[in-house]
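Computed from a predicted model, the values in this text were never measured in an experiment.
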Amino acid sequence: MPGLSDGARRRPPPPLRRYVRWYDGYRLTDFPAGEHLGLPSQDLTIVLTIGAPLELARAAAPGQRPGTFGALASGLTTAPVTIAHDGNQHGIQLAMTPAGARVLLGIPAGALGAWVVELEDVLGAGARELQDRVAATDEWPERFAVLDDVLGRLARRAGHPGGIDTRLARAWQQLTSTDGPGVRAVADDIGWSRRHLTGRFTAEYGIGPKDAARLARFDRSRELLRTPGRRRLADVAARAGYYDQAHLARDWRDLAGVPPSQWMDDEVFPIVQEVFPIVQDEGGPAGAG
């Protein structure tokens, strides 16, 4: 018998959208126990658990041991993580941009690297407030409103000090765009040598320029695969920016450890974006902005 699922997703209000792209709430119960593959992304991952903590069975960062987390933050990585579960998961996941790491967490994404850490270690009292207030309400709109409030205060308090260098931000935008230019062209555009760009970029983001472009393509392919009704892999490859289906398959083996078809077959939990409603907010439709 399949398990039960409940959840919702919403974009933050416009002032926060530079820092957090989505809130994804999920409550999954009575599914078969097993392991869930946490895939790499061009966003940092923030998870607030509700109830039981999250069990990290295998980390992306070399040397990080398994552990449990009540609320976590994870940087950018080119390797998956494995989450062990008993068939139940309940919480909210935030897709945070590198700019959000600077403004909301007060650190560059590169400071986290591929590591998973307790959110309180980088956010302090704000992490405790988020968890306590989210756990105190039962409805997704109210929980998302808590995120709006706490993250909004953090953004206003930060006042954009020590933000990402404008040249690095421009390089990130170009490299992660669909059909973006190559690394050498980006370096020429911002007036740096390729070597200098790679060093500065890796220090800020924790990954190199080529990997940023790979993660963006990978993210686009995953979103296409998550849309209702399976798409032909050749079509996904073309729309996501791969040379061909073989290129897509190689990237999936490198970044996810499994082919895309196997990931879709093996994933036990429903995909939040596919089956849960999008909660609208006063900032307009979820696709705006």
Side-chain angles (χ1 to χ4, degrees), residues 9 11 17 21-22 24 26 35-45 58 60 74-83 93 95-98 109 114 169-189 194 197-198 201-202 205-276 278 286-289:
R9 83 178 326 217
R11 292 193 75 186
R17 290 180 188 173
R21 294 201 304 131
W22 286 100
D24 285 316
Y26 56 90
E35 293 183 337
H36 166 71
L37 199 62
L39 299 182
S41 171
Q42 64 179 317
D43 300 309
L44 290 82
T45 297
R58 186 172 64 248
S74 179
L76 303 176
T77 177
T78 56
V81 301
T82 302
I83 306 299
Q93 180 170 317
M96 181 175 288
T97 68
R170 179 176 174 83
W172 176 272
Q173 187 278 326
Q174 291 185 359
L175 289 162
T176 58
S177 63
T178 305
D179 299 324
V183 178
R184 184 175 300 279
V186 172
D188 290 343
D189 177 67
R194 181 170 180 169
L197 168 63
T198 298
F201 195 98
T202 304
Y205 298 111
I207 56 173
K210 282 189 175 181
D211 282 333
R214 292 178 74 207
L215 287 177
R217 270 196 313 267
F218 180 78
D219 261 358
R220 289 192 291 270
S221 71
R222 179 174 54 180
E223 290 299 318
L224 288 167
L225 291 167
R226 282 172 159 172
T227 55
R230 292 191 179 184
R231 297 178 179 271
R232 293 176 61 249
L233 291 181
D235 294 337
V236 170
R239 292 189 59 185
Y242 291 97
Y243 297 124
D244 51 28
Q245 185 175 333
H247 185 200
L248 176 144
R250 287 195 301 273
D251 253 17
W252 268 80
R253 285 194 296 270
D254 290 345
L255 296 172
V258 296
S261 55
Q262 181 180 334
W263 170 68
M264 290 187 291
D265 288 340
D266 291 349
E267 184 57 54
V268 174
F269 287 149
I271 303 302
V272 173
Q273 294 91 325
E274 182 175 330
V275 299
F276 296 155
I278 295 177

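- A salt bridge links Arg214 with Asp254: the closest approach of a Lys/Arg side-chain nitrogen to an acidic carboxylate oxygen falls below 4.0 angstrom.
- How far NZ of Lys210 is from CG of Leu175: 11.5 Å, rounded to the nearest 0.5 Å.
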Between Val236 and Tyr242, does a side-chain contact (heavy atoms from CB on, under 4.5 Å) hold up when you go through it step by step?
-> CA-CA 9 Å; Val236 170; Tyr242 291 97; over 6 Å; no
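- Leu44 has its side chain out of reach of Thr97: every pair of non-hydrogen atoms, C-beta onward, lies at least 4.5 Å apart.
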Intermediate values then yes/no, side-chain contact (heavy atoms from CB on, under 4.5 Å), Arg232 and Gln245 = CA-CA 10 Å; Arg232 293 176 61 249; Gln245 185 175 333; over 6 Å; no
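- Taking 4.5 Å as the limit, every side-chain heavy atom of Thr82 sits out of range of all side-chain heavy atoms of His36.
- Without hydrogens or angle criteria, Asp24 side chain to Arg9 main chain gives no donor-acceptor distance under 3.5 Å.
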Under the side-chain contact (heavy atoms from CB on, under 4.5 Å) rule, what do Arg239 and Ser221 come out as? Steps first, then yes or no, please.
-> CA-CA 8 Å; Arg239 292 189 59 185; Ser221 71; over 6 Å; no
Determine, step by step, whether Gln42 and Leu76 satisfy the side-chain contact (heavy atoms from CB on, under 4.5 Å) criterion, reporting the C-alpha distance in whole Å, the side-chain angles of both residues, the deciding distance to 0.1 Å, and the verdict.
-> CA-CA 7 Å; Gln42 64 179 317; Leu76 303 176; 5.6 Å; no
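- Taking 4.5 Å as the limit, some side-chain heavy atom of Arg222 sits within range of a side-chain heavy atom of Ser41.
- The CG atom of Asp43 sits 6.0 Å away from atom CG of Asp219, with the distance rounded to the nearest 0.5 Å.
- By the 4.5 Å heavy-atom criterion applied to side chains, Arg11 and Arg21 are not counted as neighbours.
- Note on ring orientation: taking the six-membered ring where Trp is involved, the planes of Phe201 and Tyr205 are tilted (angle from 30° to 60°).
- Closest heavy-atom contact between Trp172 and Pro98: CZ2-CG, 3.9 Å.
- For the residue pair Pro40 and Leu215, the shortest heavy atom distance occurs at CB-CD2, 3.7 Å.
- Remark: Phe218 CZ to Asp251 CG distance equals 8.0 Å, nearest 0.5 Å.
- The pair Glu223-Arg220 fails the salt-bridge criterion, with no side-chain N (NZ, NE, NH1 or NH2) lying under 4.0 Å from an Asp/Glu carboxylate O.
- Considering only heavy atoms from C-beta on, Leu248 stays 4.5 Å or farther from Tyr243 through its side chain.
- Taking every heavy atom of both residues into account, Leu37 and Pro80 meet most closely at CD1-CB, 3.9 Å.
- Between Ile83 and Glu35 there is no side-chain heavy-atom pair separated by less than 4.5 Å.
- Distance check, rounded to the nearest 0.5 Å: CG of Leu224 to CG of Leu233 gives 11.0 Å.
- Closest approach of Gly241 and Arg217 over heavy atoms only: O-CD, 3.3 Å.
- Counting heavy atoms from C-beta on, the side chains of Val183 and Leu197 come closer than 4.5 Å.
- Looking only at atom types and distance, the side chain of Thr78 has no donor-acceptor partner in the side chain of Asp211 under 3.5 Å away.
- Nearest heavy-atom pair, Val81 versus Ala60, reported as atom, atom and distance to 0.1 Å: CG1-N, 3.6 Å.
- Looking at heavy atoms from C-beta onward, Val186 lies out of side-chain contact with Pro209 at the 4.5 angstrom threshold.
- Atom CZ of Arg58 has 12 or fewer heavy atoms from other residues, nucleotides or ligands within 6.0 Å.
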